[in-house]
Amino acid sequence: MSDLDLKPKNSQIRPQLDGNQLVAKSLSRLGVTHMFGVVGIPVTSVATRAVSLGIRFIAFHNEQSAGYAASAFGYLTGRPGVLLTVSAPGCVHGLAGLCNGMANTWPIVMISGSCDQKDAGRGDFQELDQIDAVKPFSKLSVKARDIKEIPSCVANVLERAVSGRPGGCYLDLPTDVLHQTISESEAEKLLTAAAEEQSQLQELSSGSGNVVSSDVERAVSLLRDSQRPLIVFGKGAAYARAEDELKKLVETTGIPFLPTPMGKGLLPDTHELAATAARSLAIGKCDVAVVVGARLNWLLHFGEPPKWSKDVKFILVDIDKEEIDLRKPELGLVGDAKKVLEMINREIKDDPFCLGKSHPWVEAISTKARENVSKMEVQLVKDVVPFNFMTPMRIIRDAILGVGSPAPIVVSEGANTMDVGRAVLVQTEPRTRLDAGTWGTMGVGLGYCIAAAVASPDQLVVAVEGDSGFGFSAIEVETLVRYQLPVVVIVFNNGGVYGGDRRSPDEITGPHKDDPAPTSFVPGAGYHILIEAFGGKGYLVGTPEELKSALAESFAARKPAVINVIIDPYAGSESGRMQHKN
């Protein structure tokens, strides 16, 4: 018998975890339920370990789309969307989603692998100083330099993403750290400590901000004394789940309201006090405007003349004091939109007031809104073939409304397609519209669709896309089919950016004059065939009857589908900033 046979078996062997397992355990323990990304060296095992612990990993073809999905998931759920990428080029591609989250103030955490720490600066495989690259576009960027730091780092980025003004955070995972090991018992201690740290951070970030009762009293006084008050709300109010409080404020006071594009649906677009169809009048003539969860940026004309009155008094409700300091309103209320509105409603309850339907301001808004809606309906009622933008948009609107509740989540991107859709499509429920947002980002469509389908599995998702916007992420229709997500993608195919060849004769010159115009695509492209290649359902439509049939069939099936709607290439126009003519 040898000396080896005399030693107790496994006496010195402790169960070990590597960095990949500890990352997955940290994410799971700290509440992450979904991840989005593109796997490869060195993070493939992070994804597979996460899946084994019950986290759903949605694998994409491109990190940009995965990042857009993660940011939208954060908005729709109120929890950080988690994006996983490989190092260097994967991290850089993922920056699009991280930046999108920051611009829209949605919580997203990007986690990227990186090169071995000892080889940094020596030209290692996919080497990049990712902390420096990401820092300008994130609230917090941290590197786990040792396996023992992983749980704490995960807790910090997850909490910082949702604290205060939501946004993007970044976690860097060097290859050597992912290969390090630690005992299960020590890992458990670190995970417990990280969970406690997360709870402490959540307690510190909770509360309604710095709102004092005298400021609330002043806000109510300004509204009470106003002759032409207006309530404006945006996706920040949607993120805060403030719809009930907004409804109470509007219906108690009788004040007209105006949502920003992604604020649509917090109160139904069909509400009698909705001022969307009288937008120019509402913002041009109001004397006091309560702005809740929306920034006075380009979407609201910076709150300046000539769109707004030079004498308007703004009451800004925002989670971020810096935003209020930047805009210099008459009054700023720093805090969570839902909680601040609760305070305002309590103050009004003690001494209620209501404008009433016969109030001159309410009558003026209502009359103008009816006039503009009637003008638009004259255009919508016509069946124009070849299709313009109005005819198919009306048919799509009616089909979406026909679904009932829960209402489909509408994803809209493109130039003319998004602009027309903003005016025509009707939102009746909160958080049912996703579009290009604060940055005007093109390429978000399929990522947003996937996020919406995953975040709200009981709702149909309908994308209304321009052919240019669709092209950014079109390959992700394979992802729709792979996961069998209930998404119907409607492509407005007018042969290019804004349409086909729009050049004047003096622009068609030079040695490359016979090349296609910079704005044009292949005419009549078969976008519907793309999804059929992966087993999805494609439709080609060019008449009202064909479109109605395709919508009815695809909505009922709730399976991945692409409806290719052929549009007159000269029906659209160049579009950038939102145009509001009502």
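In summary, the side chains of S456 and R431 do not present any donor paired with an acceptor at a separation below 3.5 Å, with no hydrogens or angles considered. In this model, no donor atom of one side chain and acceptor atom of the other lie less than 3.5 Å apart for N156 and Q198. Side-chain contact, N100 with T441: a donor N or O sits under 3.5 Å from an acceptor N or O. Inspection of the S87 and S114 side chains reveals no N or O donor paired with an N or O acceptor under 3.5 Å.
Of all heavy-atom pairs spanning P107 and A161, the tightest one is CB-O, 3.4 Å. Shortest non-hydrogen contact noted between G164 and I319 is O-CG1, 3.5 Å. The two atoms that bring S141 and V134 nearest to each other are OG-CG1, 3.7 Å, heavy atoms only. Of all non-hydrogen atoms in L98 and G168, the two that sit nearest each other are CD1-CA, 3.7 Å. In terms of heavy atoms, V497 sits closest to S468 at CG2-OG, 3.6 Å. Of all heavy-atom pairs between S138 and C169, the closest is CB-CA, 4.3 Å.
With respect to E322 and R327, no salt bridge is recorded, no charged nitrogen being found less than 4.0 Å from a carboxylate O. Between R165 and E323 there is a salt bridge, since at least one side-chain N of the basic residue sits less than 4.0 Å from a carboxylate O of the acidic one.
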>> Apply side-chain hydrogen bond (donor to acceptor under 3.5 Å, both in side chains) to residues T479 and R482 and explain how you reach the verdict.
In response: CA-CA 5 Å; T479 310; R482 189 172 1 119; 3.3 Å; yes

>> With side-chain hydrogen bond (donor to acceptor under 3.5 Å, both in side chains) as the criterion, how do K235 and T105 come out once you've worked through the C-alpha distance, each side chain's angles and the decisive distance to 0.1 Å?
In response: CA-CA 9 Å; K235 59 181 179 290; T105 70; over 6 Å; no

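The shortest distance between side-chain heavy atoms of Y170 and V109 does not fall below 4.5 Å. Annotation: side chain of V464 is not in contact with side chain of V489 (no heavy-atom distance under 4.5 Å). For the pair V487 and P560, the minimum side-chain heavy-atom distance is 4.5 Å or more. Taking 4.5 Å as the limit, every side-chain heavy atom of E149 sits out of range of all side-chain heavy atoms of V154.
Atom NZ of K139 has more than 12 heavy atoms from other residues, nucleotides or ligands within 6.0 Å. Few gaps surround CD on Q16; more than 12 heavy atoms of other groups in view lie less than 6.0 Å from it. In this structure, K148 places its NZ atom where only 12 or fewer heavy-atom neighbours from other residues, nucleotides or ligands lie under 6.0 Å away.
Note on ring orientation: taking the six-membered ring where Trp is involved, the planes of Y68 and Y448 are perpendicular (angle over 60°, cut-offs 30° and 60°). Classified by interplanar angle (parallel below 30°, tilted 30° to 60°, perpendicular above 60°), the ring pair Y527/F470 is perpendicular.
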Below 3.5 Å, can you tabulate the donor-acceptor pairs from side chains in residues 408-415 to any protein atom, sequence neighbours excluded?
residue, atom, partner, partner atom, Å
E413, OE1, G443, N, 2.7
E413, OE1, V444, N, 3.2
E413, OE2, G445, N, 2.8

List, one per line, each side-chain donor-acceptor pair under 3.5 Å for residues 53-67, sequence neighbours excluded.
residue, atom, partner, partner atom, Å
H61, NE2, E478, OE1, 2.7
N62, OD1, Q64, N, 2.6
E63, OE1, H93, ND1, 3.1

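Formation of a donor-acceptor pair under 3.5 Å by the D336 side chain with backbone atoms of K338 is found in this model.
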